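Report on the following structure.
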Amino acid sequence: MKLLTLPEQAVVKKDFGEIWSTKMVRNTMILVPVIMAVFLPILYLVLICFVPSNQINGADQMMKLLPKEAAGFNAQQSMFYLMTNMICPMFFLMIPLMSSSVSAACSFVGEKERSTIETLLLTPLSVKSIFKAKVLGCILLSAITTAISFVAFAIVISVGDIILQMPFFLNWNWLILVLLLAPAITVFGVVFMVLVSGRSKSYMESIQTSGYIVLPLILLFVGQFTGLFQLSALLLLFAAAVVVVADFLLWLFASRLFTPEKLLK
Amino acid sequence: MLLAAIHMENLTKSYDGKIIALNRLNLDIPQGGIFGFLGPNGAGKTTTVKLLTGLLKPTEGVCTVFDMSPQEKPCDVHRICGVMTETARMYGQMTGRQNLQFFAQTAGMDGPESDQRADELLKSLDLWDARDRKLSEYSTGMTQRLSLARSLVHRPGVLFLDEPTSGLDPESAQTVNAMILSLARNTGVTVFLCTHQLRYAQDLCDGYGILEKGNLLAAGDLPTLCKNIGCRIRAEFRLAPGQSPEGLQKAGEWWRTEVRDEDEMPGLVRKLIDSGHDLYEARLVKPTLEDVYFEYTERREVSK
Ligand SMILES: Nc1ncnc2c1ncn2[C@@H]1O[C@H](COP(=O)(O)OP(=O)(O)OP(=O)(O)O)[C@@H](O)[C@H]1O
Ligand SMILES: [Mg+2]
């Protein structure tokens with residue numbers, strides 16, 4: 001069975017073209033991952049390598065956050081470990097969330113804003129096919145962005161690990177994060193945006209709204225530094241399960257709202 | 001009897017529950033031919049098209065297109081319908097050609113077939129030179145013609161055209177009208193044409209419906225409409241200055257009277273000459289669609 005029929009593929013291709021030709025969206029989809037997955041890690045690595053660790057403020061306190069597996073690390077290694085395992089995971093939730101919600105905003109709200117959705121609804125494609133093609137297109141695009149970012153990130157971190165003579169960074173936390181939580185968040189970003197698209201008039205407005213869902217994520221990660229809790233594979237697995245359930249419910253809800261009468265209001 | 005291509009029964013639509021945009025419309029439109037749907041701004045023409053194409057749900061009543069309900073089977077209806085409305089735009093960042101190719105593909109054509117169909121339509125609508133320019137750089141008229149091309153891309157059997165020639169220069173309007181006419185005559189497409197341009201409508205349409213404030217005032221072909229409202233043929237005569245014949249009314253240089261049909265004309269001419277008038281010119285004036293339209297809309301105001 002094919003996932004998408006030929007006409008649906010045409011819609012996906014058209015959406016990709018549209019997203020690519022919208023400057024704001026294209027820039028977001030490129031800049032955010034480049035900064036988070038490549039630029040910031042490199043910057044941090046350079047800082048660790050060239051600034052003596054006793055000059056970093058609060059280094060001692062941060063050391064206390066280290067788990068057992070990092071017990072024998074020296075100061076530089078510890079700093080790098082902290083960054084890799086406490087800060088960067090947040091980036092890999094924000095990248096899928098940003099890219100999926102921004103592309104969905106362009107694909108759903110943008111189409112409504114430019115009143116091309118009416119034309120699309122007049123084609124022999126059913127409303128369901130259009131919904132499916134658009135949602136899957138956004139998920140695909142965001143998955144590609146996340147995958148490329150992760151490969152680039154893995155290369156940077158591996159280089160850091162080699163320079164600092166540390167073990168390879170990939171652990172269970174990362175695997176669950178990238179293979180389960182990130183895809184679930186991607187779907188969440190798209191479906192959430194479809195829901196929001198019913199209310200917002202311009203896609204800039206809906207992108208702002210999507211900013212609010214990034215906030216809880218940031219809080220979650222800031223929480224780690226207070227020492228209240230630490231990310232564990234189990235916690236991440238639980239989070240993924242929660243998001244998947246939310247995805248499922250939102251999908252049902254969003255597809256019900258996706259009707260000609262509601263879209264053309 | 002031919003199957004009615006479009007059937008409307010008690011079709012009613014209210015957007016907000018207060019204002020009734022369309023009030024109990026009953027209308028059957030036969031297969032083949034061009035049906036002109038006339039009415040002033042806000043009459044409910046676009047609303048009717050949106051109901052017939054499944055973009056809106058009727059508040060009451062039913063409508064079918066070739067026996068299929070656009071609300072229940074929108075895909076099947078869209079497969080045989082081409083729709084052009086002012087509010088259905090195309091993609092600004094794509095070229096005219098890419099737009100047509102895309103819409104051909106959504107109708108199930110594969111790559112080469114859609115390319116061929118797009119090129120065919122671009123040529124027949126005089127857009128070939130602009131094919132590789134972005135739609136956002138098109139003028140109003142060009143956009144309009146591309147919309148028409150889009151509505152034709154999957155070779156529909158029924159065409160819904162909502163003011164296809166508004167905003168076109170006379171030359172393009174003529175091209176578009178000729179195209180609509182040839183589609184209807186040569187390929188048997190049924191055309192549902194909403195328009196304000198009564199002069200064009202008269203040249204194109206086989207039947208008319210006149211709508212005002214959601215109410216259908218009249219429907220039928222021009223002779224029927226004339227008969228029902230009492231618009232008659234007029235016999236007009238230009239006589240030597242100063243002469244005033246009996247039983248004729250003066251209208252400018254002309255003296256005129258209404259006749260039941262053309263056969264009365266020779267008798268009238270003979271009578272005028274026999275009674276010693278100098279006849280310079282005689283003519284028969286048939287009521288135009290414009291006359292009939294105004295007669296209907298004015299009569300409605302008077303009766304209120
Ligand atoms: N989306 C909408 N929401 C509320 N009312 C609407 C909407 N669209 C149209 N109407 C109302 O419905 C009535 C009929 O409008 P419609 O657009 O069908 O007129 P029309 O005959 O197409 O006019 P025009 O010749 O100006 O295009 C009008 O009174 C209009 O105000
Ligand atoms: Mg209209």
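Small disclaimer: the values here were computed from a predicted structure and weren't measured.
- Remark: A:Met36 engages A:Val32, A:Phe91, A:Met94, A:Ile95 in a side-chain contact (heavy atoms from CB on, under 4.5 Å) (not counting sequence neighbours).
- For B:Met84, the CE atom is densely surrounded, since the number of other residues' heavy atoms within 6.0 Å is greater than 12.
- Among A:Leu125, A:Leu122, A:Leu263, the residue making the largest number of heavy-atom pairs under 4.5 Å with chain B is A:Leu122.
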Interchain donor-acceptor contacts below 3.5 Å (chain B, chain A):
{"unit_1": "B:Lys57", "atom_1": "N", "unit_2": "A:Glu261", "atom_2": "OE2", "d": "2.6"}
{"unit_1": "B:His78", "atom_1": "ND1", "unit_2": "A:Leu121", "atom_2": "O", "d": "3.2"}
{"unit_1": "B:His78", "atom_1": "ND1", "unit_2": "A:Thr123", "atom_2": "O", "d": "3.2"}
{"unit_1": "B:Thr85", "atom_1": "OG1", "unit_2": "A:Glu118", "atom_2": "OE2", "d": "3.1"}
{"unit_1": "B:Thr87", "atom_1": "OG1", "unit_2": "A:Glu118", "atom_2": "OE1", "d": "2.9"}
{"unit_1": "B:Thr87", "atom_1": "OG1", "unit_2": "A:Glu118", "atom_2": "OE2", "d": "3.1"}
{"unit_1": "B:Arg89", "atom_1": "N", "unit_2": "A:Ser115", "atom_2": "O", "d": "3.2"}
{"unit_1": "B:Arg89", "atom_1": "N", "unit_2": "A:Thr119", "atom_2": "OG1", "d": "3.1"}
{"unit_1": "B:Arg89", "atom_1": "O", "unit_2": "A:Thr119", "atom_2": "OG1", "d": "2.3"}
{"unit_1": "B:Arg89", "atom_1": "NH1", "unit_2": "A:Ser115", "atom_2": "OG", "d": "2.9"}
{"unit_1": "B:Tyr91", "atom_1": "OH", "unit_2": "A:Lys14", "atom_2": "NZ", "d": "3.3"}
{"unit_1": "B:Tyr91", "atom_1": "OH", "unit_2": "A:Glu111", "atom_2": "OE2", "d": "2.1"}

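- Every residue meeting the salt bridge (Lys or Arg N to Asp or Glu O under 4.0 Å) condition with B:Arg24, not counting sequence neighbours, appears here in chain and number order: B:Glu60.
- Environment of CD in B:Glu120: crowded, with over 12 heavy atoms of neighbouring residues, nucleotides or ligands closer than 6.0 Å.
- By the 6.0 Å contact criterion, CG on A:Leu179 is enclosed, its count of non-hydrogen atoms from other residues, nucleotides or ligands being greater than 12.
- Across A:Val127, A:Leu121, A:Leu6, the residue that shares the most heavy-atom pairs under 4.5 angstrom with chain B is A:Leu121.
- Using a 4.5 Å cut-off between heavy atoms, B:Met109 does not touch chain A at all.
- Applying the ring pair (Phe, Tyr, Trp, His ring centres under 6.0 Å) test to residues at least two apart or on different chains, the pairs with a partner in residues 180-200 of chain A are A:Phe188-A:Phe192.
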